[in-house]
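Here's the structure we're looking at; comments come further down.
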Amino acid sequence: KAGCPVNPARNCRMAGDLGEKIFNVSGGVVYDSAQITSEMTGKLASSISRLCGVVFNEPGFDKQLSPDFGPMTQYQNLSSPFWDAYTTVLLVRDPWSRYASHLHQWSYVKEDRDANHWIEGSGIFAEERAALLRNNFITQHLVSGFRMQTAKALKASSLPSLTSSASPAGVCSDGVLEQALRAVDKFDVILNLKDLKEESLLLARTKLGIRPELLLPEGKQDLENEASGTEGTSGNANAHRSGGGFTYTAASNENFKAFKEMNRCDYAVVEHANKRIREMAHQILKT
């Protein structure tokens, strides 16, 4: 943002009265409108001092776990002005580690610490929220309408059961995956602070002009564990240990294989995103 001094330690979520201020200054355009332009964001930055920090919006989080993406469908046109109006950042993580961490965040693991049950969808994990979390949740954020498709499949019981023979056909289709990969390529910056820590820190500093370590709580030095929310081995179903010291029973190889098959789109998306991260970091180091 030209002429706008950025405070790298400022971390401002698009919440509270900020959205109202943007609406008023823009003349009635909301900050996440698909039609917002780069010229408009420049005007907003020069008019609202809080926008000169690290301001962010999390569309997937804002919409929570609603099956209907609602306003998110406006971004299905990947050439919409929105993509050029902001610096877009995609955060990815190994799908299994993300799922385990998310369950811990929602306190599901206090009820049941057996990872087999997390995958099988038994007990508390049969709830729709948990079911959405374990079915290509990253892809749900990238492909407009895919969360609604997944929710409908869950309600109709048309998702395959979690066995070694499970197939994602009809849910994670080749068409959905193609859209997801195209969406990944649209992001200005991609970060994976858990699995590609050094590359991601380089990109955060160079591309975004921020130092992520400044955002750690006082006394915290290990960005990797702070960013991950859990400790353990990414990419497998071994027992995880949270920052609170909880240990979890490992999932069987059969169940974990089923989890990977059910999350075919997510694993392909993260693999592609990690490749892009390495390429971006390599280009920076070359210059």
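Contact of the Q35 side chain with the F82 side chain is not registered, since no non-hydrogen atoms from C-beta on lie closer than 4.5 Å. V184 places none of its side-chain heavy atoms less than 4.5 Å from the side chain of V92. Side-chain contact between V143 and Q140 is absent, with no heavy-atom pair separated by less than 4.5 Å. Using a 4.5 Å heavy-atom threshold, the side chains of D188 and K207 count as separate. Contact annotation: the side chain of N135 approaches that of M262 to within less than 4.5 Å [non-hydrogen atoms, C-beta and beyond]. Residues K286 and Q283 meet the side-chain proximity criterion, which asks for heavy atoms closer than 4.5 Å. Residues E120 and H117 meet the side-chain proximity criterion, which asks for heavy atoms closer than 4.5 Å. Here the side chains of L202 and L285 are in contact, with some heavy-atom distance below 4.5 Å.
Side chain of D266 to main chain of P95: no donor-acceptor pair is present (N/O by atom type, distance under 3.5 Å, no hydrogens or angles). Between the side chain of S97 and the backbone N or O of D94 there is no donor-acceptor pair closer than 3.5 Å. R264 places a side-chain N or O within donor-acceptor distance of the main-chain N or O of C172, the cut-off being under 3.5 Å. Between the N116 side chain and the A250 main chain, a donor and an acceptor come within less than 3.5 Å of each other. Between the T88 side chain and the W83 main chain, no donor and acceptor come within less than 3.5 Å of each other. Using modelled atom types, no side-chain atom of N255 and backbone atom of A251 make a donor-acceptor pair closer than 3.5 Å. In terms of modelled atom types and a separation under 3.5 Å, the side chain of T287 and the main chain of I284 share a donor-acceptor contact. Using a distance-only test at 3.5 Å, with no hydrogens or angles considered, a donor-acceptor pair links the side chain of T37 to the main chain of M40. Within the 3.5 Å criterion, the main-chain N or O of F23 finds a donor-acceptor partner in the side chain of S26.
Rounding to the nearest 0.5 angstrom, the gap separating the NE2 atom in H282 from the CD atom in E199 is 12.0 Å. L18 CG to L44 CG: the interatomic distance, rounded to the nearest 0.5 Å, is 9.5 Å. Here the straight-line distance linking atom OH of Y99 with atom NE2 of H104 works out to 14.5 Å at 0.5 Å rounding. Once rounded to the nearest 0.5 Å, the distance linking CZ of R182 with CG of L142 reads 12.0 Å. Atom CZ of F125 is separated from atom CG of D114 by 8.5 Å, given to the nearest 0.5 angstrom. Going from atom CD of E128 over to atom CG of L133 covers 10.5 Å, rounded to the nearest 0.5 Å.
Side-chain heavy atoms closer than 4.5 Å link hydrophobic residues (I, L, V, M, F, W, Y) into clusters, and following such links, even through other members, never connects V30 to I36. Both I48 and V29 sit in one connected hydrophobic cluster of ILVMFWY residues. Membership requires side-chain heavy atoms under 4.5 Å apart, directly or through other members. Cluster annotation: I22 is connected to V25 through the hydrophobic network of ILVMFWY side chains, with a link wherever side-chain heavy atoms come within less than 4.5 Å.
Within a 6.0 Å radius of CD in E271, other residues, nucleotides and ligands contribute 12 heavy atoms or fewer. No more than 12 heavy-atom neighbours from other residues, nucleotides or ligands sit within 6.0 angstrom of CG on N253. No more than 12 heavy atoms of other residues, nucleotides or ligands lie within 6.0 Å of NZ in K275, so this atom counts as exposed by the packing criterion.
The minimum heavy-atom distance between I190 and I277, with the atom names listed, is O-CG1, 3.3 Å. In terms of heavy-atom proximity, L203 sits nearest to A281 at CD2-N, 4.0 Å. L181 and V269 get closest at one heavy-atom pair: CD2-CA, 4.0 Å. Taking every heavy atom of both residues into account, K194 and R93 meet most closely at CG-NE, 4.0 Å. The shortest heavy-atom contact between S173 and C265 is O-SG, 4.2 Å.
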- Query: Run the side-chain contact (heavy atoms from CB on, under 4.5 Å) check on R129 and L132 step by step: do they pass?
  - Reply: CA-CA 5 Å; R129 173 189 282 180; L132 285 171; over 6 Å; no

- Query: Run the side-chain contact (heavy atoms from CB on, under 4.5 Å) check on L201 and L193 step by step: do they pass?
  - Reply: CA-CA 7 Å; L201 290 179; L193 290 166; 4.1 Å; yes

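Note that R134 lies outside the cation-pi zone of W118, set by a 6.0 Å cut-off to the ring centre and a 45° limit from the axis.
Inspection of the S200 and N192 side chains reveals no N or O donor paired with an N or O acceptor under 3.5 Å. Inspection of the S38 and D84 side chains reveals no N or O donor paired with an N or O acceptor under 3.5 Å.
Not less than 6.0 angstrom separates the ring centroid of Y31 from the ring centroid of Y86. Aromatic rings from H102 and Y108 are positioned such that their centres are separated by 6.0 Å or more.
Between R276 and E279 there is a salt bridge, since at least one side-chain N of the basic residue sits less than 4.0 Å from a carboxylate O of the acidic one.
Ring pair H141/F137 is perpendicular by interplanar angle, where above 60° counts as perpendicular and below 30° as parallel.
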